[in-house]
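Structure first, then comments.
Sequence lines set the chain letters: A, B, ... in the order given, protein chains first and strands last, and positions in each chain run from 1.
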Number of protein chains: 2
Amino acid sequence: MVTSSTPRGGRRPGATSTRAAILAAARAAFFERSYDGATIRGIAAAAAVDPALVLHYYGSKRGLFAAAMDLPFDPGDVVAAALAAPREERGLALARAALTAWEAPGSGEVLIGLMRSAVSDEASAARLREFLTEAVLVPVAASLEGPRAMLVASLAMSHLMGVLFARHIARVGPLADASLAGLVPLLGAALQQYFDAAPEAPA
Amino acid sequence: MVTSSTPRGGRRPGATSTRAAILAAARAAFFERSYDGATIRGIAAAAAVDPALVLHYYGSKRGLFAAAMDLPFDPGDVVAAALAAPREERGLALARAALTAWEAPGSGEVLIGLMRSAVSDEASAARLREFLTEAVLVPVAASLEGPRAMLVASLAMSHLMGVLFARHIARVGPLADASLAGLVPLLGAALQQYFDAAPEAPA
DNA sequence: CGGGTGATTCAACAAGCGTAGAATTCAACA
DNA sequence: TGTTGAATTCTACGCTTGTTGAATCACCCG
């Protein structure tokens, strides 16, 4: 008698894209449940795979997290492009760039997952700190001048984080439902106000 | 032979302030580790008490959380007081009121604990949503007019949440170290800008 | 065609979690 | 001075978690 059901162990026939499937499932899990909330068993189930395979590929939960949280784009580029806009449009440009960047599937999940995880996991918090400082704070502050440049830049960044948090994590009604087109101009004006609060750095 | 060590069970002599001690320990734990991260055993240890006693008093972890997250002040009052300021100073007043309110020990911990927990716990998220809507969004939006009132109000609120997140959860350098005096004027100006973005509601 | 390498699963471990129930000791009141 | 009730602890159950080691099967190279 030929049993056509899947064997209880062993390699599957055909090409294998399992590793990528696991990574995708992990990204999704960290995105919507944070580091602590996501479980290896859950990720494995979402990828239709045994939990042990996840660890076989990525060594540990931390290793999986590190792999999943590798940004699929360079956030420094996003910020740099926005800062290249003429001075009086930088707020708008930054708002548009940031919102569209993390609204795009595959990149926004990572940043939100990082934010989510930073709440309960100190290693994630450190990584988020480093990311925000290098990719956002330093470039933005460099475009300003004066003793308050760093503070002003971090306030602008905090607003972006706040929108992210309210829209995707707390899901507060009006922000969660708002369209990008409605959001960008208002947020852009607020950011612009910060750019105007400190003198421009010399070119 | 008289054993002077603590007995293995039974009531302790003297007045009993244990219940309050447990609640304080719980607040601190939820504040710095979020709902999921905090454990009953940990809270009990911090209160120098047996874990079972925590449940004896509060029934369940959820019950303890609900008790610990009862705000020791009425946030509606904070917002209302700020909105009573003259129109051109409302941003500043709101910034000052919000920052000092959650910087004060015993009240800020609650809001931050709620934010932290909202990330991994849907019940907390719902509670945070409700809190933000009732205590901040609706009053602020009521002071404005026009179709964008609600959106503008929630953007202002998102900025407050962003500062809270960056300062106390992610602990991004410049914001975490900044003094209230340095923060308030800058944040106030950004909020004021939102108040100016929508027409004032008729008195 | 035979063997090695890698893909995949199974079963199990130890630790930590929330929670329940019985047992012990004290305080207060009749 | 009993008796009742509240405060407190001990022990233990059942569940979930990250992680491990051995076992099974398919592919590929010689």
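The environment of A:R33 atom CZ is sparse: at most 12 non-hydrogen atoms of other residues, nucleotides or ligands sit within 6.0 angstrom. Annotation: A:R148, atom CZ; neighbour count of heavy atoms from other residues, nucleotides and ligands within 6.0 Å does not exceed 12.
For B:D50, whose side chain is taken as the heavy atoms from C-beta onward, the closest listed nucleotide among D:dT9, C:dG18, C:dT9 is D:dT9. With C:dT9, D:dT8, D:dT19 as the candidates, the nucleotide lying closest to the side chain of B:H56 is D:dT8. The listed nucleotides are D:dG21, C:dG21, D:dT19; the one nearest the side chain of A:A52 is D:dG21. Of all nucleotides listed (C:dA12, C:dT9, C:dT19), C:dA12 comes nearest to the side chain of A:R41.
For B:H159 and A:Y194, the distance between ring centers is under 6.0 angstrom.
When both distances must be under 3.5 Å, the Watson-Crick or G-U wobble mate of C:dA27 is D:dT4.
Salt-bridge formation is detected for the pair A:R127/A:D70: a Lys NZ or Arg NE/NH1/NH2 atom is positioned less than 4.0 Å from an Asp or Glu carboxylate oxygen.
Per the geometry, OH belonging to A:Y58 stands 15 Å off C1' belonging to C:dT8, to the nearest Å. Computed from coordinates, the B:L53 CG to D:dT11 P distance equals 17 Å when rounded to whole Å. Put simply, NZ on B:K61 is 8 Å from C1' on C:dG18, counting in whole angstrom units. Atom CZ in B:R33 sits roughly 13 Å away from atom P in C:dG16 (whole-Å rounding). The interatomic distance linking A:I43 (CD1) with D:dT16 (P) rounds to 17 Å, in whole Å. The nearest whole Å value for the distance from the CG atom in A:L55 to the P atom in D:dT17 is 13 Å. Distance B:R19 CZ to D:dA6 P: 12 Å, rounded to the nearest Å. One interatomic measurement links the two molecules: CG of A:D36 to C1' of D:dT16, which rounds to 14 Å at whole-angstrom precision.
Within 4.0 Å of A:A44, counting heavy atoms only, lies no atom of the nucleic acid at all.
Between B:T18 and D:dT8 there is a side-chain N or O to OP1 or OP2 distance below 4.0 Å. Between B:Y57 and D:dT8 there is a side-chain N or O to OP1 or OP2 distance below 4.0 Å.
Under the 4.5 Å side-chain criterion, counting only non-hydrogen atoms from C-beta, B:I43 is not in contact with B:V49.
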